[in-house]
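Take a look at the structure set out below.
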Amino acid sequence: MTGSSHNNSLSLGRVDWSMVAIYAALVLTGLLNIYAAVYDPEHSSIFDMDQSYGKQLMWIGISAFLAISVLLIDDKYYHVFAYPLYWLSILFLLGVFVFGKEVNGARAWYEFGSVRVQPTEFVKVTASLALARCMSSYAFNIHSLKSLLNVGLILGIPVAVIILQNDTGSALVYVSFFFMLYREGFNRWLYITVFLLLLLFVLSFLVEPVPLLVILVLICVIGEGLTNGRWKTKIIYLAGVALGALGGYFGTLALGRPMSADVAVIAAVAVSLIFVVTYAYRQRLRNVWFFVLLFFGSLAFTQTIDYVFDNVLQVHQQKRILDLLGLESDLKGWGYNVNQSKIAIGSGGFTGKGFLEGTQTKYNFVPEQSTDFIFCTVGEEWGFVGSTVVVVLFGMLILKLIAMGERQQEAFGRIYCYCAAGIFLFHVAINIGMTIGLMPVIGIPLPFFSYGGSSLIAFTLLLFIAIKLDTSKKDHITRI
Amino acid sequence: MNGRVGILRFVVIALVAVVLGRLFYIQVIDRRYKVFADNNVLRYEVLFPPRGEVYDRNGEFLVQNREANDLITIPIDVKAFDTTQMCEILGVSRELFVREYRKAVQFSRRRPSVIFKQLPKEMKIKLDERHFPGFYTQYRTIRSYPRKVGGNLLGDVGEANERNIERDSYYKSGDYIGTSGVEQAYEKDLRGVKGVKVQMVDVLGIVKGSYGDGVYDTLASPGLGITCTIDAKLQLLAEELLTGKVGSVVMIEPSTGEILVMASSPTYDPDELVGRERGNNYMKLLRNPRRPLYNRAVMSSYPPGSTFKLVNALIGLQEGTLTAQTTYGCAMGYHVGNFKVGCHSHVSPLDLTGAIQTSCNAYFCNVYRNSLDNRKYGGVKSGFDVWRDYVVSLGFGRKLDSDFIGELNGNVPTRDYYDRVYRGSWNSLTTVSLAIGQGEMGATPLQMANFIATIANRGYYYIPHVVKAIQGRDSIEARFYEKHHAKIESQYFEIVADAMYRAVNVSGTGGGARIDGWDVCGKTGTAQNPHGRDHSVFAAFAPYRNPQVAISVYIENGGFGATIAVPIARLLLEQYLTGAVADPALVEHYKNLPIAYPRYDRQFTQQ
């Protein structure tokens, strides 16, 4: 270890106060919106401890205390205790199987009196620390399979446990670590492939097979062009395929037994492949083979989607996907939440209906409104203006975390900050995205907004550890 | 590595941009969500106004409102209850109750739905006493008919159908609307104006308060009361006298055009078409082969028979082809070559008055042919056009524009019609049955009564109508105050009126209608028809000077005019003119004098 972090006392000047201000703004706006979401004129005091906003206020107090504590602890301890904390949290997570309570079909909570604690929220923090520790060691090499196996273990253990607890939504959050892994140099082709697969998946639902074929041809040709240049041959090739298809179509039409336009296109593409293969062979361009494989791979993938969709996915998952793509809807059944949520947000208009004036919010048309669907209250009562402020604050928070990571001297701090940035990005994008029908419904909280002590405390810890790590770098920087 | 940081920053910014773009779209550009939110939260509770009540000309109730109660259920509030007891109170089978309740559950578990309509008060009291949780009764008004008269005349009220709702956005599913008679014609006055209460509800449908402090709420304003021109007592008598017969009676006050009686037989008890049995009873009436739902007074086009001879007399007199002194012989009928219109035995030759008194067919064949063959018009077809014009001016062959919906035109054949039927070759002899009101001629009982009122007025009529006054208005529609003059001078009506007087009071076919001191003037008719026995017709007015009433009685298959139509008319005139019937036994006699209708009842047995 470099042993670079040795400021034992907190120097306030080094804390990134703008980040703390963003945090405070988000937490207080969140409290206001929880108050509106569960508002009841009979219990209108915000300090009423029987109401969720009263409890949330208590959680905010605890979070503030913990935040200050985090800033006061010497940052080297985060490095030192990364693994013990990780294992402790895994133990805590496993304990749920024995002592936990089942809520909404997921066995993921501890219950102490009226207080519920969800250990999964904390595992995100400890897993980030553990990853930072692991990946910042000298022996670590992002391209070595052995190193990646360690990363896989650190992430795989909590994911497996959480899935066993039937809390798929929380398990999906671990996808967000790929954000950090990309920054650390993980194979970019993995990302490109996943991106393409997602794109193909969506297109296979929205586009007819033959136009999809055309799109695939175009993607492969352009991709090949980007790597090899020689655009003239690409244009000749495309023109040849188009002419072939037209010729096939009109030629057979003239002969009196016309083939369909679809068949003409497929035939033209099939014939053209002969030319592609000869071209690759003669020019000795090996990466052309890659694109030919990509073409066939994509083709095979689109064909298996239907099979997977029909035979592997469960009915409720199929419906969520169809709903998201706007292909099918059942506003009284499984589409109810998202529809009511869109109505709440959409009816807010430009400036919103005003604090405590949202009819969708007040009269409980949106289920789970103080937790997963809290953004509806923002959208309805504060309108486009208010929503924009919240979204931009989150955007700034994430960009600032990236900036913090970049100005770290050590890999440990940088990796941690990127982990935090990825987790925030995933939560914000999925949560807000689902309330406006952009993302599938996954039951994960909106950081600092959704009601719940566990998530508020965990996100506070996640953020303030980053802030704390950020204070240490200035000891011996020579910043340019 | 820097390239990778840039891409990650780009991913963050792109996601923020996409979210903001989507927010801008659903919050600012797409306005539908505002409407959806209002639909979610606003509940429009309709306040139903009581429908206007209907009185007769003397202020007696014809149609009254009665309390009715709908049984409403909110399934989510229902607790286990004694179904047997509930069904007993409602008087329905368990299966029916369960079926209706399931329908309500299917509609919504949280919102109220009506499961049984128009329950009587006793049921409501019992239901309220037992207090079944999740069930309650709601007050609404329905129609009741204290006099039980004028079913077809007053019409009935039903639920608005899809076409009503499509045509007039005032109506919503489940609203009531007048579907026939006065209820339909004066629907806009009778219905009143619905009120609305806008309330905000939560996701459970529980009311949370009024919207905008009630500024969007309106009160219901009750329907307007309507006073009819009908005389309830007289109407009742007319309906009684028509018992067991098929036909119609119309009485008009000539000086105003007000309809005193409009009876159509068979009729029905209008109360049967109200309440829970409405559907069943309606189907029963609809299946009855004598067609009780059919208002014969305005919807039947009958051959007018001999009463139509008066029309030909008036035209002849006006045209100068006939004078009061003209005489024609009659040898048991009118003969031209092999052609013959038969007549009964009477003194011959006769002048006009005598011919009207005895209702001589031959005489009016001559009168009719002379009108058409008038050289002045240079041909029988032009002559026919002139003749037809006169007939139409007397109110035949067209709607009278009364306040009845569904009034028929009747039929006065046209020149085109004969050209078509006879391929252009026809003359006054071909169409001679028009002389005696037979053949293609068709008139509604209302048109006949209106024609008699025109004679009573000596040349003009007011459009017959059933509504005398609408609550809160000074007058009814202007068209009911206009005189409509026939194209015939008053002096000729005098001649005809005089002959009608003689037909009743001196000697003639209408002798049975005589009422001492009231100078009844009338003309009988016996209309041949392809459906069996002749129709019995009588048309009259009284008194001779300053007439107070005109009447037309039409009894299908009643035989000679004198046998049944005349006595019925006489009793009604007596009741109206003297205020009572001197010999109630006569009423009983004619009431219990049924006529056989094989043509209706045969269909019945076939069914």
Side-chain angles (χ1 to χ4, degrees), chain A residues 179-180 182-186 188 191 331 339-340 342-353 358-360 362-367 375 379-380 383-388 390-392 394-399 401-403 405-406 418 421-422 424-425 428-429 432-433 435-439, chain B residues 1-44 75-76 105-111 198-213 216:
Chain A
F179 188 81
M180 173 276 292
Y182 182 74
R183 167 64 183 82
E184 295 305 311
F186 201 36
R188 70 153 58 94
Y191 292 83
L331 301 183
N339 184 49
Q340 290 299 335
K342 280 199 280 187
I343 291 173
I345 295 171
S347 66
F350 190 71
T351 54
K353 296 178 186 171
T359 52
Q360 288 281 107
K362 257 198 296 192
Y363 302 135
N364 308 326
F365 285 95
V366 190
F375 191 73
E380 188 181 20
F384 180 66
V385 174
S387 315
T388 304
V390 170
V391 172
V392 167
F394 275 120
M396 281 165 62
L397 181 105
I398 295 160
L399 289 174
L401 276 170
I402 293 176
E406 287 304 316
Y418 268 96
F424 278 112
L425 181 66
V428 171
I432 296 184
T435 62
I436 54 181
L438 277 180
M439 296 281 175
Chain B
M1 279 297 148
N2 274 339
R4 291 196 169 213
V5 176
I7 287 176
L8 290 177
R9 287 202 168 110
F10 171 78
V11 167
V12 174
I13 292 169
L15 280 172
V16 166
V18 167
V19 166
L20 289 183
R22 173 74 173 171
L23 281 169
F24 189 75
Y25 178 76
I26 70 169
Q27 293 190 301
V28 181
I29 294 174
D30 193 340
R31 301 311 298 150
R32 284 178 310 162
Y33 293 103
K34 176 95 185 79
V35 179
F36 293 151
D38 284 349
N39 288 348
N40 266 343
V41 76
L42 299 184
R43 222 30 106 243
Y44 297 83
I76 199 147
V105 173
Q106 255 169 20
F107 166 69
S108 166
R109 297 183 59 81
R110 302 180 191 285
R111 301 211 189 126
V198 190
Q199 290 177 317
M200 296 203 287
V201 296
D202 70 1
V203 68
L204 305 181
I206 295 163
V207 174
K208 288 292 184 179
S210 73
Y211 178 61
D213 287 330
Y216 302 103

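Below, chain A is the first sequence line, B the second, and so on; all start at residue 1.
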Chain B contact via A/A344 - which portion, at a heavy-atom distance below 4.5 Å:
neither
Please classify the contact of B/V35 with chain A as side chain, backbone, both or neither, using a heavy-atom distance under 4.5 Å.
neither
With B/D30, which residues qualify under side-chain hydrogen bond (donor to acceptor under 3.5 Å, both in side chains), at least two apart?
B/R32
Counting only non-hydrogen atoms closer than 4.5 Å, does A/I343 touch chain B with its backbone (N, CA, C, O), its side chain (CB onward), both, or neither?
both
Quick check for you: among A/G433, A/G346, A/G422, which has the greatest number of heavy-atom pairs under 4.5 Å with chain B?
A/G346
Residues forming a side-chain hydrogen bond (donor to acceptor under 3.5 Å, both in side chains) with B/R31, sequence neighbours excluded
none
Determine yes or no for a side-chain-to-main-chain donor-acceptor pair under 3.5 angstrom, with B/R22 supplying the side chain and A/L438 the backbone.
no
Check: A/Q360 main-chain N/O paired with A/E380 side-chain donor or acceptor under 3.5 Å:
yes
Most contacts with chain B, counted as non-hydrogen pairs under 4.5 angstrom, among A/S387, A/A429, A/G395:
A/S387
Check whether any side-chain heavy atom of B/R9 lies under 4.5 Å from a side-chain heavy atom of A/E406, and answer yes or no.
yes
Within the 6.0 Å centroid threshold, strictly below: A/F394 and A/F424:
no
Turns out that what part of A/I398 lies under 4.5 Å from chain B's heavy atoms comes down to side chain
With a 3.5 Å distance limit and no angle check, can you tell me whether A/Q340 reaches the backbone of A/P367 through a side-chain donor-acceptor pair?
no
Pairwise distance CD1(A/I402) to OH(A/Y418) - rounded to 0.5 angstrom
5.0 Å
Applying a strict 4.5 Å limit to non-hydrogen atoms, the region of A/I345 in contact with chain B is both
Heavy-atom proximity to chain B below 4.5 Å, by part of A/Y191:
neither
Interface moiety of B/I13 toward chain A, non-hydrogen atoms closer than 4.5 Å:
side chain
Hey, which of B/V16, B/V41, B/V28 has the most heavy atom pairs under 4.5 Å with chain A?
B/V41
Which bit of B/L15 comes within less than 4.5 Å of chain A, counting heavy atoms only: side chain, backbone, both or neither?
side chain
